[in-house]
Amino acid sequence: MMTRLTDDMVKDIIGSLDGTNDMLMSLTGMNTLELACDAIGMTPDMIDLRGIKVGVVPVTSGKGIIKKFSESVAEITSKLGMDSFVTENADVTGIAEALAAGSEIVFMADDIQFIAVNTKNGRFSNNSFSTAAGYVSALKGAAKGLSGKKVLVLGAGRVGSIAAEIMVSMGAEVTVYDVDTKKLRDLSEKISIRITEDVEGALSSHDLVFNASPAAIDGRHVKEGAIFSSPGIPFPFDEEGLRKAKAVIHDPLDIGTAVMAVQSASFSRPRKQ
Ligand code: PYL
């Protein structure tokens, strides 16, 4: 089950987007837009997001609305140049409102899926792929390339598995850990990865770590100078881990949503050559 954001994790996103952008620039060499484009094999000059109308629809199903979640999604996409708004209504009425307003892209999330639908052709992006691809691009930027490099993936859930697959395709030597050994075995039958049950040994021997696990990371085992690309929530680092790591790339929603925005826009806009 994907870890769910809480009101507390989301409450400060809107004021912190420029900070995330600066963090990404300094750690990966790419700003949020460049990173989001890189995640789907594009560069910003290939797509114009300005003026694309985006409707964000609050959804009350399951555990209900997360305070400021929809507003944060609207702010993240506005920062990319899109014309975004949160619908007054939730659920089906909210979707109808977004469509009636002529939204080219509609964002909505329940407790299982967070998607961005391109209303011109019904194609849609989802947050699991987008978060995996965005954070792989971030790690690639911070590590100045992943081909031939050893990468440890913590967590073989949806994000960790997709990230492992993308990094294997980039030529990285990927080792995956998960507390659930069946998940590990299933994944190792699908893609050529090493698996490990020794998370402490694996952490202490990897310079590059992709963390897509909800578990805490024990700083005692973090390798000095390690780079972490870490979408996992809640934020897992203790003081020792933060001191020893050379870089920790993390945000609760920004990178995944930005990749969703670029990918769903690319479904109806030809890539400029
Ligand atoms: C998209 C996030 C990233 C990590 N976990 C995912 C999550 O928390 N999903 C639940 C989102 C629920 C949103 C709620 C609302 O406010 O519309 N239905």
Side-chain angles (χ1 to χ4, degrees), residues 1-14 16-17 20 24 32 35-36 39 54-80 84-99 103 105-117 124-138 153-163 178 210-216 228-237 248-264:
M1 179 59 191
M2 168 180 62
T3 315
R4 195 173 190 272
L5 287 168
T6 62
D7 295 352
D8 190 53
M9 291 175 190
V10 173
K11 69 182 181 351
D12 300 324
I13 290 178
I14 287 180
S16 67
L17 294 176
T20 303
L24 290 173
T32 307
L35 180 69
V54 172
V56 183
V57 183
V59 173
T60 62
S61 69
K63 295 188 180 135
I65 282 172
I66 297 175
K67 275 198 204 74
K68 295 243 174 286
F69 175 84
S70 294
E71 291 79 359
S72 300
V73 171
E75 182 68 12
I76 291 163
T77 52
S78 299
K79 282 270 180 194
L80 299 175
S84 309
F85 72 105
V86 178
T87 57
E88 289 291 310
N89 298 282
D91 304 327
V92 176
T93 308
I95 296 170
E97 185 187 335
L99 295 174
S103 301
I105 297 171
V106 179
F107 279 82
M108 55 190 126
D110 63 14
D111 290 347
I112 315 295
Q113 288 281 2
F114 173 28
I115 63 172
V117 183
F124 64 98
S125 57
N126 76 76
N127 188 253
S128 297
F129 168 80
S130 300
T131 300
Y135 274 86
V136 165
S137 277
V153 174
L154 301 177
R158 282 188 292 183
V159 173
S161 304
I162 297 169
D178 193 294
F210 186 101
N211 172 49
S213 148
F228 284 84
S229 188
S230 186
I233 49 171
F235 189 74
F237 294 96
V248 172
I249 299 157
H250 172 78
D251 82 274
L253 192 57
D254 194 352
I255 292 173
T257 301
V259 178
M260 288 171 75
V262 172
Q263 187 182 37
S264 48

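Read the numbers this way: they start at 1 and go in the same order the structure lists the ligands and their atoms.
- Residue V59 has at least one N or O atom closer than 3.5 Å to an N or O atom of ligand 1.
- Looking only at atom types and distance, the side chain of D12 has no donor-acceptor partner in the side chain of S16 under 3.5 Å away.
- Among residues two or more places apart in sequence or in another chain, the side chain to side chain contact (heavy atoms under 4.5 Å, CB included) test is passed with I14 by K68, E71, S72, E75.
- Looking at ligand 1, you'll find an N or O of T3 within less than 3.5 Å of one of its N or O atoms.
- Listed by number with element, the atoms of ligand 1 under 4.0 Å from a non-hydrogen atom of N127 are 1 (C), 3 (C).
- Applying the 4.0 Å criterion to heavy atoms of P58 picks out, from ligand 1, the atoms 17 (O).
- Contact between E88 and E97 at its shortest, heavy atoms only, is N-OE2, 2.9 Å.
- Shown here are the ring-ring contact (aromatic ring centres under 6.0 Å, His included) partners of F129, two or more places apart in sequence or in another chain: there are none.
- I65 and P58 make their closest contact through CD1-CB, 3.7 Å (heavy atoms, listed as atom of the first residue, atom of the second, distance).
- Each of the atoms 4 (C) of ligand 1 lies under 4.0 Å from some heavy atom of I233.
- Ring pair F124/F114: centre-to-centre distance not below 6.0 Å.
- The heavy atom nearest to atom 13 (C) of ligand 1, considering only P252, A109, S70, is found in A109.
- Shown in contact with G64 at under 4.0 Å from a heavy atom are these atoms of ligand 1, numbered in order with element: 14 (C), 18 (N).
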